[in-house]
Amino acid sequence: MCALEAVPEGGVRAATLAGVPLALFRLDGAVYATQGMCTHGHARLDEGWCEGGQIECPLHQGRFDMRSGRALCAPVTEDLRTYAVRVEDGTVLVDLDRAAEAPPARAPAPAASMSDGGADAGADAGPVVVVGAGQAAAAAIRALREAGFAGPVTLVGAEPHLPYERPPLSKELLRGDAAPDPAACCRLTEADAARLGVTLRLGTRVARIDPAARLVLTEGGDAIPYGRLLLATGGQARRLAVPGADLPGVLHLRTLEDAAAIGAALGRARRVAIVGGGFIGLELASAARARGVAATILEREPVPMARLLPAPLGRAFRRLAERHGVEVRCGTPVSAVRRLGDAPGGDMLGVETPGGLVEADAVLVGIGLVPDTALAEAAGCAVAAGGIVVDAAGRTSVPGIWAAGDCALHAGPVRGRRLRLESWHNAETQGAAAGRDMAGAAPAAGDGTSDAAAAAPWFWTDQFGLNIQMLGLPGADDAVALSHPGGDPGGDPGGDPGGDPGGSDPGDEDGVGPGAVYHCIDRGTGRLAGVMAFSAPRAIREARARLGQPFDAAAASSRLLPDPGAPAACLPESCQPESCQPESCQTENPAMSATPSASPGAAPGLSITRRYHWPAEGLTRIPDWVYTDEAIYQREVERIFHGPTWNYVALEAEIPNPGDFIRSNVGPTPIVVSRAEDGSIHAFENRCAHRAAEFCRELDGNAKEFVCPYHQWTYDLRGNLAGVPFRRGVNGKGGMPADFDAGRHGLRRLKVTTHRGVVFASYREDMEPLADYLGPEILREFEATFDGRKLTILGHYRHTLPGNWKLYHENLKDPYHATLLHTFLVTFGLLVAGNRSLMLADPSGRHGAMCSAKSDASKVKAEDKKEMRAYKEGMTLAEPRFMDFIEEFDSPWSVTMATIWPNLIVQREMNTLGIRQIVPTGPHEFIMKWTMFGFEGDTEEMVRHRLRQGNLMGPAGFLGLEDNEAIKFVQDGMRSVPGGEHLVALDPQMPLGTSETLISESAIRAMYRHWREAMEL
């Protein structure tokens, strides 16, 4: 099969025989063969670590004996299959049809005397009863028997299933990789129960414990005697305590039945809302995205897992989710769930939040666990801090009763706190410790707290193709240092073989991605408190020896990440606050942060999240640096225009034929939009891959290819590199390298989508569908204008505005100004206080539509006229046709101005139709590109009518000029008197979102809530 010398002494080599993956081991010259995959997580064993005749799985650190394939520790319980091996003439031969000779049976450990303060030693102490049929129960039973206990064992479980592990419920069982089959995650099979002599009482609920009589009393009236009792009752999923939480479609996750229900919901859903941004919520979002379901996480805290992990780690998890198309809304509590629509059997649900209604086909809840301690409390066991108090052996305060798993506290304080550790590792180790002690055996290594490495909490989560492991117990106030961003130097055995679709950006502030390793440092001691590794299991293995030791970021090649909520003191080993210099300090001392009134640029050594402080009043006040700061603008380009957004780039009518192209922009970035030979539409950066020249210089046209004027590199209509002059040099000299691959040097292409003749592009490949991005209400307004008729182009305008690009969005989410500034609008009844009107905002706050129905100007109330100084009594038009409104749209509104985040305004003012594209060029200026259009089938008079109204309301008409000047006045005021903030408080009864009055600024506040989330400020 392979040469003997190919198998390293003391090591492992992968091999495949007849399609069967194998692991070959060589110890003391002898060769052994086992199956090549771990029996637990199905990781490749050849990527693990060999030591002392054992192989450690790279994924979850289970260990096997190399010679026998025997499983040696949790989480592995199933031995490896072995195969007979012989070596002939230096060649290793493996027989797949014959197992290796069975190793000698393990001798049971001798039972030791017992001292639990009341239980008797030896077999006379009576039978063991385990209440709760979960992972801790299975671990205890195995340890009990391995320690030599030979008496009766009874397992009583409320669920009808054999003991199973719960991590797969939120991972592979929901991703559609497997059916939610109890056997898929079973920790104690029927064969195991028979072999270990366990009497099973499944589907049986316990009513109470009588510790004096040592009886377990079931709800069915049975009395089960015990000598030693283990409470492994776990807990229940915390229920969402809001109106509507009991509606069909609101699903919690704890049991196999819960997983089956959620799996079925994901199978038929288009979008789900996930309440809770902890590990369960993020795993649910990962499963949803793996099945093509849009997911929105609603987390009440400022960052995910804010009570458990430092803020930089919470941001990293959020960034990972967002890169895979998950919408994460932090600071978003849920107040109610209600059914949408009139049909009682309808499936759509609405989740009420301060930011508006979130629509979903299902609501998945992952907000924590309520430990089941009622039996223990009633039996007199001490309960504190939400868990049963136990010692290192699992003993409770009541003689003869032990506890383990999610219902029990950790044996001793962890970093000064008593807490429960809801993890696979804790259930396994705590259950095993209790089982050994009930058998009277001595504690194993790691049972207590003296062996820090063995006893260190360990946890894993699988999200978005990454295996993420955590060692130790980070605290919310810890400092965080990041190393190895973008790749694990030691390989990636636990990661996604295809890599992370979201990638890892070395310049990313949080560095999230495969191979990223986060070190959490106790600020009080400067010692390493925990390690979080993204598909870097070797980092976890290496960290076991360093946990609790002083941490030196420089020696670990790490950089400290900013945390705006951290205490003011720097790390003791790094610097002292009194001597900290902002220009050079790498510990991001918050004491150096700029105040709300100070210039953000005054503290250049601080991270962006430290330098910018939103006013304490919240969204009713907006600071000037939002509009004037260069660093904020650059972050907007990265996080918004190049982030998870659909950007308008063209109308299909502008490129109707193959070869047609038009220059456009995504934010400030120039792009080209072209129609290829097959009619498909493509968008790519207007930047040559060779020396970065803008290769397309014409605004539009028709071409067979694009040729860069500098060195004549040529690209096809899809952006592929088609030709390189002198690629092979001249006379055998010069030219490109022999391995130059033209396929890898095309133009940077964007993802493209179209809807009813409008073309959008995004830098994100994992963007949600446009309909989901817009939401149903904004989509209805969009489709009222783009109603299916084929578009025709009437002309273009282009002008520059001396203001920040967001001010234009504000202007069109501000119906208040429209009733006061624009004489034309109010005098002729187009947008008047008292009109039937609506300022619509989508639930995210990013999109909006200002809507109004034209009224009779002569009927404006006298008191309203007094408020509106722009109203001019008696003003008339010399040409009355300007004000004709020909009803042609399925809409109650005569005027709508829809703002599609981040760069599109859809103008429908009576019968004039236009697209306004925002192109920012810096914090103080943006270009507005207008495209006026009509429909095929318009009569000549309708075309002239649209043009008349377009001129009246265009950039040089009676509306655009006034808006442009107002925007300039605002920007001038902020630049001339910097460091200020302005008030946005109208309509307080509608804090955020849609309002049915024109005297409102609720849509502006909603937009800045979204902006702050997108910018993470």
Using a distance-only test with no angle check, is there a side-chain donor-acceptor pair under 3.5 angstrom linking Glu685 and Tyr763? yes

Would you kindly say whether Thr896 and Glu781 are connected by a side-chain donor-acceptor distance under 3.5 Å? no

Counting only N and O atoms by type, is there a donor-acceptor contact under 3.5 Å from the side chain of Thr754 to the main-chain atoms of Val759? no

Measuring from atom CG of Leu619 to atom CE of Met1007, what distance do you get when rounded to the nearest 0.5 angstrom? 10.5 Å

Mind telling me whether Tyr627 and Tyr1008 have parallel, tilted or perpendicular rings, with 30° and 60° as the class edges? perpendicular

Does the distance from a Lys or Arg side-chain N to an Asp or Glu carboxylate O, for Arg789 and Glu888, drop under 4.0 Å? yes

Cationic N near anionic O, under 4.0 Å, Arg675 to Glu652: yes

Nearest atoms (heavy-atom pairs only) where Val666 meets Phe641: CG1-O, 3.4 Å

Going through the distances and angles, do Arg329 and Thr296 end up as a side-chain contact (heavy atoms from CB on, under 4.5 Å)? CA-CA 7 Å; Arg329 301 189 188 182; Thr296 298; 3.9 Å; yes

I need the Trp930 CH2 to Leu794 CG distance, nearest 0.5 Å. 14.0 Å

What one should report as the nearest heavy-atom pair of Arg271 and Glu359 is CD-O, 3.2 Å

As an exercise, state the distance from CH2 of Trp901 to CD1 of Ile778, rounded to the nearest 0.5 Å. 13.5 Å

Side-chain heavy atoms of Glu352 within contact of Val337, under 4.5 Å: no

Tell me yes or no: between the side chains of Tyr773 and Asp842, is some donor less than 3.5 Å from an acceptor? no

Hey, are Arg319 and Glu1016 close enough for a salt bridge, meaning a charged N less than 4.0 Å from a carboxylate O? yes

Atom CD of residue position Glu936 - does it have more than 12 heavy atoms of other residues, nucleotides or ligands inside 6.0 Å? yes

Contact check, side chains of His809 and Ile918, non-hydrogen atoms, under 4.5 Å: yes

So with a 6.0 Å cut-off around CZ of Arg621, is the heavy-atom count from everything else above 12? yes

Verdict with supporting geometry, Gln917 and Ser664, side-chain hydrogen bond (donor to acceptor under 3.5 Å, both in side chains): CA-CA 9 Å; Gln917 181 184 7; Ser664 187; 3.2 Å; yes

Modelled atom types, side-chain donor and acceptor of His796 and Glu654, under 3.5 Å: yes

Nearest 0.5 angstrom please: Phe926 CZ to Asn665 CG, how far? 13.5 Å

If only side-chain N and O atoms count, and only distance matters, is there a donor-acceptor pair under 3.5 Å linking Ser891 with Arg908? yes

Presence of salt bridge, Glu322 and Arg318, under 4.0 angstrom: yes

The ring pair (Phe, Tyr, Trp, His ring centres under 6.0 Å) partners of Phe317 (sequence neighbours excluded) come to Phe279, Phe534

Does the side chain of Asp987 come under 3.5 Å of the side chain of Gln989 through a donor N or O and an acceptor N or O? yes

What do the steps show when you test His755 against Thr753 for side-chain hydrogen bond (donor to acceptor under 3.5 Å, both in side chains), and what is the final call? CA-CA 7 Å; His755 188 64; Thr753 191; over 6 Å; no

Please work out whether the ring planes of Trp1011 and Trp625 are parallel, tilted or perpendicular, with thresholds of 30° and 60°. tilted

